[in-house]
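In what follows, chains carry the letters A, B, and so on, assigned in the order in which the sequence lines appear, proteins first and then strands, with residues in each chain numbered from 1.
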Number of protein chains: 2
Amino acid sequence: MSQTWNQHVVKKENKALVLNTIKANAPVSRASIAQTTGLNKGTVSSLVSELLNEKLINESGTGESSGGRRPVMLLLNETAGFTISIDLGVNHILGVVTDLRGNIVNERTITFSNEDLEEVLKHLHQLIDELRNEVPESEYGIVGIGVGVPGVVTSDGEILLAPNLGWKKVPLKDILFERYRVPIIVENEANGGAYGEKVYGVGQMADELIYTSISIGIGVGLILDGKLYKGLRGFSGELGHMTIEKDGPDCRCGNKGCWELYASEKTLLEKARENGYKDTNIHELVTAAENGESKAIHLLEELGDYLGIGITNIIHIFNPEQVVVGNTVQIAEKFIMPAIEKRIEKNAIGFNKNDVQLNVAKLQKYSTVMGMAAFNIEHFFEAPDKAVISN
Amino acid sequence: MSQTWNQHVVKKENKALVLNTIKANAPVSRASIAQTTGLNKGTVSSLVSELLNEKLINESGTGESSGGRRPVMLLLNETAGFTISIDLGVNHILGVVTDLRGNIVNERTITFSNEDLEEVLKHLHQLIDELRNEVPESEYGIVGIGVGVPGVVTSDGEILLAPNLGWKKVPLKDILFERYRVPIIVENEANGGAYGEKVYGVGQMADELIYTSISIGIGVGLILDGKLYKGLRGFSGELGHMTIEKDGPDCRCGNKGCWELYASEKTLLEKARENGYKDTNIHELVTAAENGESKAIHLLEELGDYLGIGITNIIHIFNPEQVVVGNTVQIAEKFIMPAIEKRIEKNAIGFNKNDVQLNVAKLQKYSTVMGMAAFNIEHFFEAPDKAVISN
DNA sequence: TAACCTTTGTTTATTCGCTAGACAAACTTA
DNA sequence: TAAGTTTGTCTAGCGAATAAACAAAGGTTA
């Protein structure tokens, strides 16, 4: 058996097409769906009635007449199920409950200092338990739990390495499934952020989008051809460890002159220390810069310049439509973005530079959780009938 | 109208599936196709009979019995049409005629020194004319002409810039279509090489393959998820202009410390000159190295080392299954490949390094032409009925 | 206000491609 | 020679899409 066969496929595809049309254009009538999709009116009618039976969509009264019978408008039944979506950071966990449209209906944060696996898992379980108790009653219940983690994740949802947490070989997907018995998605934090910005953020119009997660280190999520690109084993996007200075200092990864040795929050704070800012953080530096302290301004602009060098490489490598700067450094937007732009303007090849947009993440601290929500929702809609009822 | 609809699609897909099964496993019986594809025997029978009518496949007598009626074996009718596939280099043009299986049935080369557009086009036309006159009679005639060029090509087949030829804005696809009236494909040389190695060369088992074309400069072709990745406008793969030394020398592209300033034939020869090899070329250097001249050996190993730095970046960025080193430098294989491997072994992150294969291009000087042939053939099989009869 | 036109949504008849299973052909084995 | 196997074709039936007719519900115009 290779892959493609028969004609359930056609029905399944068309049903998905109808549902996506409703998602994208709601509220929308059957007639209008038929027109935009090119499907026959009868076909649309029958698929819509199935979707209504499955409680995935709702009728919502009649719309305005355009010179004839008034249309019955259709809406996504966004509260037919909910996701629990989590950004597991190095000193905090952000968890949200979203509906099937990606609206956040609940939110909780836990901060911690002990990064020990056992401890953090306890926090994670507690957070999920709390969120779960607050999820509204619904047809499909919790359709999935997604966790974005700052580390290397296999396609089986095992965290191979999370350097800033000091974790190795944690089968997080299995651990969570064992406990919650709903579909679990574990993904790298930058991949989640990339998808979040693509689906709900600044990249909704872009199919070729590179999301750079700039925080303690650098992670990069690649949206290529509209889909998350993960490489052979899921380890793509290690652009933080792209050499930008061939004889540069050793990185703990084994390579030399890695990008994140020049353009990360960690390096920023080290340099700040050398410049007399003792025991500071990026918030304080931004405040200082906003108050006109030239040292702070210079430090932030230097960070932006180094970011620009790596982003220029990204532009040359991928010819993307959009490059998004996300994660913690975006609070320094005012100082780093012009520096990045200046570097790109100066160094990048015209053909590649002309069409690219450079943006700050729109979802801010929610990029990753929203990406995880999007993964959960997408997974659910691929096979709603198989969803585990667990409410 | 968005995209997907009806059930001709099913038939078309299944027909393509049957044809691909024959291509891959020929000679093969109808019964065996039914088994491997999962399609019903009757369906296979009917699709096969259509393919026979279209002369795309042939029956080739009976095979061995396995305890019952002897099967009728089916073969791709590889001589139902031919491609003209061309590698347009900076001082030569290599042109081949291939059948639909990618067998080279004819080959011609022209060398030139005057890179003037008019002149080169004259040569190109002459070469194509000669090849065309020698194409055997066939059902579908010339199914396409493909040209790989060392430059930036838009999706409309316009050469925006070919720096080493000194060309700008050459609408080569239109020029050739005007003259030959068959499907024309113009593509970057490294993209062609990547696809050639993927379909006919060392990368037949790999869906995540990065092909590095190392010659005067560096071009890179990206095979991601089994398909050529071209970015937003077709300008991806400019990894030759990836900064590997942030404060390095200026490149004519506008950037600094570009990879190809360290790891290209051009740089190799410049360094050779500085080391006393006057007016040499890479062939002579390899010969010298093979004779044990330590200066030559060192120059080649240094080239390999610099290649290794960029390839390490590639491994971190893409997590590929295979990295292929192609184009002219592969004649120095014996000296550069160990140096590349050494650098990767030393610098690359374990997770990404473990699964990656490093190979020299198998098709050698034919990588690009075979890639162009593969594009032509693929394009033909997508819609054989629409092929222009032109023999 | 009535007659007619428009638009929406459902129903019915038809078509198309796949599948299952019967069957014929051709061969092997005992 | 009889029985079993494998290959390939043929026929009936099914599911899903389409086209077209029809019903429902509104607007427009005289």
Name the pairs: protein N/O against N/O of nucleotides 13-16 of chain D, kept only if under 3.5 Å.
unit_1 : atom_1 : unit_2 : atom_2 : d
D/dG15 : N3     : A/Q7   : NE2    : 3.0
D/dA16 : O4'    : A/Q7   : NE2    : 3.3

(message) Using a 4.0 Å heavy-atom cut-off, does B/S29 contact any base of the nucleic acid, only the sugar-phosphate backbone, or nothing at all?
(response) sugar-phosphate
(message) Please compare A/S32 and B/N40 by the position of their nearest nucleotide in DNA chain C and report the one closer to 5'.
(response) A/S32
(message) List the residues meeting side chain to side chain contact (heavy atoms under 4.5 Å, CB included) with B/N319, not counting sequence neighbours, and say none if there are none.
(response) A/L232, A/R233, A/F235, A/S236, B/N352
(request) Grab the CZ-P distance between A/R30 and C/dG9 for me, whole Å please. (result) 6 Å
(message) For B/T62, give me all partners under side-chain hydrogen bond (donor to acceptor under 3.5 Å, both in side chains), at least two apart in sequence or on another chain.
(response) B/R70
(request) May I have the distance from B/K41 (atom NZ) to C/dA22 (atom P), rounded to whole angstrom? (result) 12 Å
(message) Just the rounded figure in Å: distance from C1' of C/dG9 to CD of A/Q35.
(response) 14 Å
(message) According to ring-ring contact (aromatic ring centres under 6.0 Å, His included), who are the partners of A/Y366, at least two apart in sequence or on a separate chain?
(response) none
(request) Taking only heavy atoms on the protein side, list every residue of residues 49-57 of chain B lying under 4.0 Å from any atom of DNA chain D, sorted numerically. (result) none
(message) According to side-chain hydrogen bond (donor to acceptor under 3.5 Å, both in side chains), who are the partners of A/D207, at least two apart in sequence or on a separate chain?
(response) A/K198
(request) Name all pairs fulfilling the salt bridge (charged side-chain N to carboxylate O under 4.0 Å, His left out) condition that reach into residues 20-33 of chain A, sequence neighbours left out, sorted by first residue then second. (result) A/R30-A/E59
(message) Checking B/N103 now: which residues fulfil side chain to side chain contact (heavy atoms under 4.5 Å, CB included) with it, not counting sequence neighbours?
(response) B/E78, B/D99, B/R101
(message) Measuring only between side-chain heavy atoms, which start at C-beta, is B/Q7 closer than 4.5 Å to A/Q7?
(response) no
(request) Please name all residues satisfying side-chain hydrogen bond (donor to acceptor under 3.5 Å, both in side chains) with A/E64, sequence neighbours left out, ordered by chain then number. (result) none
(request) Specify the residues of residues 64-75 of chain B, ordered by number, for which at least one heavy atom lies under 4.0 angstrom from an atom of DNA chain D. (result) B/S66, B/G67, B/G68, B/R69, B/P71, B/V72
(message) Can you list everything that forms a side chain to side chain contact (heavy atoms under 4.5 Å, CB included) with A/V199? Sequence neighbours excluded, please.
(response) A/Y195, A/A374
(request) Can you sort out the partners of A/E208 under side-chain hydrogen bond (donor to acceptor under 3.5 Å, both in side chains), two or more places apart, ordered by chain and number? (result) B/Y229
(request) Would you confirm whether B/S85, through its side chain, and B/A373, through its main-chain N or O, come within 3.5 Å as a donor-acceptor pair? (result) yes
